[in-house]
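Each chain gets a letter, A, B and so on, in the order the sequences are listed, and its residues count up from 1.
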Number of protein chains: 2
Amino acid sequence: MQLTRHTDYGIRILIYLALLPKEDKASIDTISALYDISRNNVNKIVHQLGKAKVIETRRGKGGGFFLDQHPENINLGDVVMLLENTLEVIDCENQKCRILPACSFKGIINEASTAFIDVLRKYTLDDLIKSSKQDFTTIFNLSF
Amino acid sequence: MQLTRHTDYGIRILIYLALLPKEDKASIDTISALYDISRNNVNKIVHQLGKAKVIETRRGKGGGFFLDQHPENINLGDVVMLLENTLEVIDCENQKCRILPACSFKGIINEASTAFIDVLRKYTLDDLIKSSKQDFTTIFNLSF
DNA sequence: CGATAGATACATTTTATATGCATGTTATAA
DNA sequence: TTATAACATGCATATAAAATGTATCTATCG
């Protein structure tokens with residue numbers, strides 16, 4: 001049971017954006033180099049976050065992207081649900097499981113994954129940065 | 001985020017064993033045919049469950065396997081932890097994440113996966129069968 | 001001792017994920 | 001208004017994890 005790297009990358013991208021000085025924009029190339037993630041992957045994640053209005057993307061020269069909401073309004077549960085393409089922890093339908101009509105395991109698993117997401121829902125992007133702003137800015141080598 | 005089929009298969013194997021009449025044994029071939037799971041896969045899962053003393057396996061002619069504990073003592077959290085080989089939902093170490101020293105996401109994810117397992121821990125194999133014994137025996141075509 | 005059944009090891013296939021490559025589209029600035 | 005920079009989109013390929021296949025070994029019963 002593992003999250004995809006997409007989700008991991010997405011969170012990291014958001015952390016970076018949350019620490020960028022106001023009015024600054026990030027670019028796909030910057031992020032790709034910063035985290036050593038393939039350009040294409042960053043591209044897709046940024047696009048996804050943009051469609052979901054978590055960030056705002058601007059095409060064209062001088063373009064880039066930045067948070068579209070305050071970090072304290074960006075819920076980690078939502079972000080994970082957005083980037084993780086399957087939260088169906090078990091697939092009973094696709095393989096025609098014989099005991100499906102009598103089986104209650106799916107229900108229990110659903111209860112468990114709801115509990116998982118509910119924990120994430122308690123936190124926002126701001127919780128990820130508020131206590132370590134200085135550390136992050138050093139790592140990112142950002143100046144104010 | 002998905003469980004492996006191994007885990008799914010393991011649970012199904014245990015359900016079948018829980019419904020077998022006392023003193024009866026199951027065999028790898030029976031299970032393989034019953035659930036349409038490759039022989040080799042069943043082999044591995046049975047072996048794993050045997051090593052963990054969830055079931056008892058007997059080699060040789062007239063051999064087979066059966067539950068080594070009462071269904072109400074077989075905890076679903078334990079079974080899932082046993083069969084799922086990685087419960088590290090995110091891997092921060094292996095890819096040398098730059099922000100690791102400042103990052104608190106791992107901790108939140110750990111809290112979430114603990115919540116996931118804790119739900120499973122509330123249930124036992126007996127919870128999976130007690131309310132549907134008749135349905136299962138029909139599906140399995142077992143007679144008493 | 002032969003047949004049966006799990007144990008073990010390794011090879012191959014399959015699938016999901018991740019990456020790569022190419023091209024399109026939009027916006028800015030010279 | 002055109003060159004250029006930046007995101008958008010689609011498809012192809014590579015990688016890694018999972019699942020399956022094949023073979024052989026070992027234990028046990030009759």
Please state how far atom [atom1] in [X] lies from atom [atom2] in [N], giving the value in whole angstrom units.
X     : N      : atom1 : atom2 : result
A/L49 : D/dA8  : CG    : C1'   : 14 Å
A/Q48 : D/dC7  : CD    : C1'   : 15 Å
B/Q2  : D/dA19 : CD    : P     : 9 Å
B/L3  : C/dT15 : CG    : P     : 19 Å
A/N41 : C/dC21 : CG    : P     : 14 Å
B/I45 : D/dA18 : CD1   : P     : 13 Å
A/R39 : C/dT23 : CZ    : P     : 15 Å
B/Y9  : D/dA18 : OH    : C1'   : 10 Å

Between the side chain of A/R39 and the main-chain N/O of A/D29, is any donor-acceptor distance below 3.5 Å? no
Short question: side chain of A/N75, backbone of A/R121 - any donor-acceptor pair under 3.5 Å? yes
Checking contacts here: which listed nucleotide ([options]) is nearest the side-chain heavy atoms of [X]?
X     : options               : answer
B/R59 : D/dA27, C/dA18, D/dT9 : D/dA27
B/I28 : D/dG21, C/dT19, C/dG6 : C/dG6
A/N40 : D/dT9, C/dG6, C/dT8   : D/dT9
A/K61 : D/dA6, C/dT19, C/dA29 : C/dA29
A/T4  : C/dG6, C/dT17, C/dA9  : C/dT17
A/N43 : D/dA5, C/dA9, D/dT9   : D/dT9
A/S38 : D/dC7, C/dG20, D/dG21 : C/dG20
A/I37 : D/dA8, C/dA7, C/dT19  : C/dT19

Contacts of A/D36 that satisfy side-chain contact (heavy atoms from CB on, under 4.5 Å) - sequence neighbours left out: none
Base, sugar-phosphate alone, or nothing: which one does B/G64 contact when heavy atoms must sit under 4.0 Å apart? sugar-phosphate
What contact category does B/K25 fall into here, base, sugar-phosphate, or nothing, at under 4.0 angstrom with non-hydrogen atoms? nothing
Can you see if the side chain of [X] gets near the phosphate of [N] - specifically, an N or O under 4.0 Å from OP1 or OP2?
X     : N      : result
A/H6  : C/dA18 : yes
A/H47 : D/dT9  : yes
B/T57 : C/dA5  : no

Does the base of C/dT19 carry an N or O that pairs as donor and acceptor with the side chain of A/K44 under 3.5 Å? yes
Nearest-nucleotide check on DNA chain C, A/G62 vs B/A26; residue mapping nearer the 5' end is B/A26
Correct closest heavy-atom pair for A/I31 and A/I13 would be CG2-CG1, 3.7 Å
When the ring planes of B/H6 and B/Y9 are compared, do they come out parallel, tilted or perpendicular, using 30° and 60° as the limits? tilted
I'd like to know whether A/E93 forms a side-chain contact (heavy atoms from CB on, under 4.5 Å) with A/L100, so could you lay out the CA-CA distance, the side-chain angles of the two residues, the decisive distance to 0.1 Å, and finally the verdict. CA-CA 8 Å; A/E93 307 292 339; A/L100 183 55; 3.9 Å; yes
